[in-house]
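In what follows, chains are A, B, ... by sequence order, proteins preceding strands, each numbered from 1. Quick note: numbers below take in every heavy atom, side chains included, and nothing from hydrogens, waters or symmetry partners. Note that the structure is a prediction, hence the values are computed from the model and not measured.
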Amino acid sequence: MPKPWPARRLHSDVKIAAAVLLFCAVVWGLTFTFDAVPAALTQGMGPAAFPRLLLGVIALLALALAWAARGRADEAREPTPAIVYWTGAAMLAFMGVMWFAGLLAATVLGVVGMGLLWGERRWPILLAVGVGLAVALHLIFAKAFGIVLPRGLLGDWLF
Amino acid sequence: MSKKTLGLIALGAAALLVAAAQAQEKFPSKTIEVVTHAGVGGGTDITARMMMVQAPAAFGQELVVVNKTGGSGAAALGYAAGRPKDGHTILLITQTHLLTILQGRGAGVKAEDIVGLARATEDPQVLMVGKGSPYVTAKEFIEASKSKAMKYGTTQIGSVDHLAVVGFARKAGLQTPTVVPFRGGGDVVVNLVGGNIDAALLNYAEAESQIKAGEVRALLTLANERLPAIADTPTAKEIGIDAVYSTTRGFAVLKGTPEDRIKILEEGLVKAMSGKIYQDYLASSGQSLKSVVGRQEWQAQIDEFLRTGQEALASLGVK
Amino acid sequence: MSAFASGMAILLDPYMLWVILAGTVLGVTVGALPGLSGSTTAALLLPLTIGMGPVASIAFLGSIYCAANFGGSITAILINTPGDPSASATAYDGYPLAARGEAGRALGMSTVASAIGGIFSVIVLIVAAPLLARAAYNFGPPEYFALALFGLSMLGAVGSEVGVRNLMAGAFGVFLATIGLDLTTGVERFTFGFPELSEGLNLVPVLTGLFAISEMLTQATQLHMPRERLALDAVRLPSRDDFRKCAKSIGLSSVLGTFIGILPALGATTAALISYSETKRWSKHKHEFGKGAIEGVAGPEAANNAAVGGSMVPTLALGIPGSTTTAIILAGLIVQGVRPGPHLFNEQPVLLYAVFASMLAANLIYLALGLFAAKAFARITLIPDAILWPAVFVFAVVGAYGQDQSITDVWVMLIFGVIGFYLRRFGFSPAPLVMGLVLGKMVEETLKQSLLIFDQNWLLFFSRPIVVALFAVTLLSVFAPLIGRTIRHAFRREKGLDPLSE
């Protein structure tokens with residue numbers, strides 16, 4: 001037998017449905033900001049018709065999800081550990097370093113930094129991996145294939 | 001980071017800057033970036049790479065293609081605008097870039113900022129119908145088009161061939177055509193053969209194998225002269241329609257690049273594209289062997305297109 | 001037949017063998033590396049091939065094409081980062097297999113299935129290319145619309161347990177496909193002023209985000225749990241039993257992949273996704289899918305490599321390329337003065353058979369290479385998480401950036417990493433989202449094109465026999481399970497059993 005519905009707490013599916021409905025409403029609003037269609041091309045479906053149809057379908061499905069949650073017990077979910085947010089922050093920091101100093105510098109710092117964050121204490125190994133990776137990327141992409149990797153502000157300024 | 005290391009970094013950076021400044025005495029002093037709006041493998045991208053085969057010999061430097069897709073050239077223009085105007089960044093532009101600029105979407109680049117270097121390809125558009133079409137000659141097709149709105153397959157809305165379809169119909173006094181956009185020339189050819197569309201303006205090479213197999217008929221060449229490969233197909237002028245449309249690609253830099261460097265770039269590009277490999281590419285892909293022209297002629301063509309483009313866009317209703 | 005023999009004879013030429021070997025090794029490598037794909041490599045190396053002569057140059061490009069499609073599965077399995085979009089379906093089950101220490105089994109199966117699919121499609125190419133190519137002309141927008149609907153009808157089946165959630169994720173994927181310029185009106189939708197978005201979301205950054213980045217965040221939630229991996233298990237290759245289990249799905253997917261590849265508007269990615277859901281539908285072990293079903297690796301891999309041979313059909317026989325790589329191969333042919341088209345099969349059969357021979361050889365080479373190297377590659381899963389995942393992150397960034405050299409794409413990847421993390425946390429599967437995104441654009445565009453062709457008259461859809469047939473198959477496949485269940489329930493009730501207990 002499913003456990004009785006807890007009186008005050010909402011089922012997580014109901015919360016998901018609410019978030020999805022909010023998303024649909026906002027994006028529906030965005031469809032009114034599209035540029036006007038040139039007069040010569042007005043026949044047939046307009047640019048907003050298909051996205052609106054989909055938003056409608058998603059909203060209906062969200063309602064179905066909430067409806068199906070009636071009387072069902074919520075799954076127990078462990079709270080997200082702090083390390084996940086720290087990892088996300090490290091990714092943003094990586095983007096920052098890349099913006100400023102280019103991909104290769106970000107690679108070395110990123111591998112060492114994230115490795116330390118994830119509990120690896122042998123930093124010489126991390127440093128070796130980071131530098132090795134940066135050198136390999138430079139050789140493969142820039143040298144062998146002539147693909148320009150992000151140079152960052154510093155690189156733009158220097159080269 | 002300590003003050004000392006910061007100081008050291010600044011010193012190193014300054015030294016590099018000085019070295020960079022000295023190195024720039026001679027031009028080109030480093031790898032030249034060729035910026036294109038096409039993805040790797042697209043027609044424009046291939047053109048750039050074919051030019052590049054014999055370019056290092058002409059410039060004494062390597063060249064590299066930078067693909068900045070998106071926004072019908074806007075991303076490529078934006079990237080070039082953000083690079084120093086020292087001649088080490090050149091654009092491979094098509095009419096698409098110019099249309100994007102005319103629509104005010106050129107990432108801040110204005111029409112007068114485009115300085116032509118050399119034209120790379122000139123590929124006339126040809127009016128084609130499928131083999132199931134009841135129209136065998138251009139005259140029959142045009143006669144019928146005066147009372148019936150034909151369906152033309154094109155690439156994107158606002159693209160060069162879309163413009164050409166509308167312009168051609170207007171000049172020939174036809175009913176406003178219905179435009180069915182596709183993702184690329186290949187799709188248009190398939191649908192021409194399949195009978196889903198009435199006609200299309202395509203480059204000869206795009207439908208070469210179908211023309212040879214008799215599955216597509218080339219009715220009219222929208223150029224000043226007949227194409228050797230389809231010598232039986234008349235030009236629009238011959239039947240009294242003043243319509244000339246082609247897919248054109250060429251190199252350009254943005255205004256602000258020093259005049260002496262523009263000259264070096266022009267000479268180098270023309271030399272590279274006069275080489276055997278590029279000329280073979282032009283011949284085998286069915287493009288005009290007179291494609292490659294220098295700065296003056298190419299700039300005149302750009303100006304002409306900018307002048308008429310505004311009006312053409314207005315006639316489409318695309319702002 | 002003598003043309004066939006002299007074409008195949010190129011394999012006796014040591015120079016040709018070197019060219020094919022080099023192309024294959026290069027192809028596997030770039031296929032496995034996120035950020036470099038077979039098409040990028042082929043385009044970058046095209047100028048180099050000019051001096052090689054027609055046969056060698058096309059053999060080289062063809063080997064890269066064959067091998068890169070296989071290479072994409074290596075990283076998909078090992079680090080949940082599809083090296084090529086066509087390997088995304090391989091990650092659904094390949095990565096769970098690797099994560100539980102059976103990387104060698106997954107890699108071995110992927111190698112064998114890829115080679116079988118690839119070889120099958122080359123044989124089809126040899127036997128029936130000019131004939132099959134004509135099918136392309138029968139597929140206009142209405143037919144593609146019906147085909148896309150068929151693909152989308154499987155959304156409910158492709159992901160994890162719950163139907164409503166799968167449909168939501170799928171519809172969201174289709175919605176994402178509307179980002180960018182509207183094809184028939186040229187109006188920008190949801191681009192927020194980013195020119196990079198005007199051609200729609202790029203598949204690579206979205207996939208890398210949904211798979212690699214969200215997996216990294218999920219791994220972070222498990223960092224506090226000690227994990228053990230057994231080296232011996234990781235390098236074990238698939239057993240004879242595994243192959244017996246997968247035979248059906250490899251066969252089915254080879255046929256499906258070849259057919260989908262022949263249609264110019266569809267490619268290896270679609271082939272792999274549709275084959276994945278078909279493999280699941282016909283499997284006796286549906287519940288294993290998404291959790292490490294070996295059939296889930298075999299099906300899509302056979303299909304995406306079969307699509308390679310398939311897409312060469314319209315390229316060579318009609319001069320119409322069905323993918324970026326075949327567009328480059330076409331350019332390579334033209335530069336060499338070879339004009340593709342039906343006449344090629346009469347005028348230059350030796351050249352064609354030489355190309356086919358080199359593609360066969362490429363498939364055999366990576367088969368040997370893959371099985372040999374699978375054990376070595378599998379050890380990658382033994383690298384400690386804290387060293388492996390930061391490196392994977394760097395690869396993911398390069399992968400998202402590489403295709404268009406766009407930082408916007410890297411941001412797109414990060415955003416989809418977060419979306420993917422929360423989707424999984426709340427029980428949504430990314431698989432239907434990917435399917436929706438891949439097919440969504442086609443559904444909308446072909447619908448609008450069809451209506452233009454039909455002068456906005458919907459009923460004309462039913463005037464096209466292929467469309468009607470595809471609609472019928474779609475309806476059948478949606479309702480067949482329902483009908484089957486109803487019959488079973490009725491049968492059970494007859495016997496006095498509880499109809500709801502299965």
With a 4.5 angstrom heavy-atom cut-off, could you sort out which part of Ile125(A) is near chain C: side chain, backbone, both or neither? side chain
Could you check whether any side-chain heavy atom of Arg122(A) comes within less than 4.5 Å of a side-chain heavy atom of Pro384(C), counting everything from C-beta outward? yes
Is it the backbone or the side chain of Met91(A) that comes under 4.5 Å from a heavy atom of chain C, or both, or neither? both
Could you check which of Leu217(C), Thr29(C), Leu451(C), Leu452(C) has the highest count of heavy-atom pairs closer than 4.5 Å to chain A? Leu217(C)
Given the options Tyr422(C), Phe421(C), Trp411(C), which has more heavy-atom pairs under 4.5 Å with chain A than any of the others? Trp411(C)
Any side-chain heavy-atom pair from Leu149(A) and Gln405(C) closer than 4.5 angstrom? no
By a 4.5 Å heavy-atom criterion (distance strictly below it), what part of Leu181(C) contacts chain A: side chain, backbone, both, or neither? neither
Go through the atoms of Ile179(C) and report whether side chain, backbone, both or neither lie under 4.5 Å from a heavy atom of chain A. neither
Can you find a pair of side-chain heavy atoms, one from Val174(C) and one from Phe50(A), that are under 4.5 Å apart? yes
Here the pair of heavy atoms bringing Ala64(A) nearest to Val164(C) is CB-CG1, 4.4 Å
Quick one: which of Leu60(A), Thr80(A), Val129(A), Leu116(A) has the most heavy-atom pairs under 4.5 Å with chain C, could you say? Thr80(A)
Residues Arg189(C), Asp35(A): salt bridge by 4.0 Å N-O rule: no
When Phe172(C), Phe426(C), Phe395(C) are compared by non-hydrogen pairs under 4.5 Å with chain A, the top option: Phe426(C)
For the residue pair Phe190(C) and Phe34(A), is the inter-centroid distance of their aromatic rings smaller than 6.0 Å? yes
Measure Val84(A) against the heavy atoms of chain C and call it side chain, backbone, both or neither at under 4.5 Å. both
Considering only heavy atoms, which portion of Leu53(A) lies under 4.5 Å from any heavy atom of chain C: side chain, backbone, both, or neither? neither
May I ask you to test the Leu103(A)-Tyr401(C) pair for a side-chain heavy-atom distance under 4.5 Å? no
Measure distances from Ala62(A) to the heavy atoms of chain C and classify the residue's part below 4.5 Å as side chain, backbone, both or neither. both
Phe192(C) versus Leu30(A): any side-chain heavy-atom pair under 4.5 Å? yes
For Pro390(C) against Gly110(A), the heavy-atom pair lying closest together: CB-O, 4.3 Å
Val30(C) versus chain A, heavy atoms under 4.5 Å apart: side chain, backbone, both or neither? side chain
Rounded distance [0.5 Å steps], CD in Gln222(C) versus CD1 in Ile83(A): 13.0 Å
Tell me, do Arg165(C) and Asp13(A) make a side-chain contact under 4.5 Å, heavy atoms counted? yes
Chain C contact via Leu55(A) - side chain, backbone, both or neither, heavy atoms under 4.5 Å: side chain
How close do Val187(C) and Ala36(A) get, heavy atom to heavy atom, and via which atoms? CG2-O, 4.2 Å
Begin from the C-alpha positions of Met114(A) and Phe393(C) and carry the test side chain to side chain contact (heavy atoms under 4.5 Å, CB included) through to its verdict. CA-CA 10 Å; Met114(A) 285 186 198; Phe393(C) 176 72; 3.4 Å; yes
Which bit of Val112(A) is near chain C, if near means a heavy-atom gap under 4.5 Å: side chain, backbone, both or neither? neither
Worked verdict on Trp118(A) versus Ile387(C) for side chain to side chain contact (heavy atoms under 4.5 Å, CB included): CA-CA 9 Å; Trp118(A) 276 36; Ile387(C) 297 173; over 6 Å; no
Does the side chain of Leu137(A) reach to within under 4.5 Å of the side chain of Val394(C), using non-hydrogen atoms? yes
Glu120(A) and Ala386(C): which non-hydrogen atoms are nearest, and at how many Å? CB-CB, 3.5 Å
Which heavy-atom pair separates Gln456(C) from Met45(A) by the least distance, and what is that distance? OE1-N, 4.5 Å
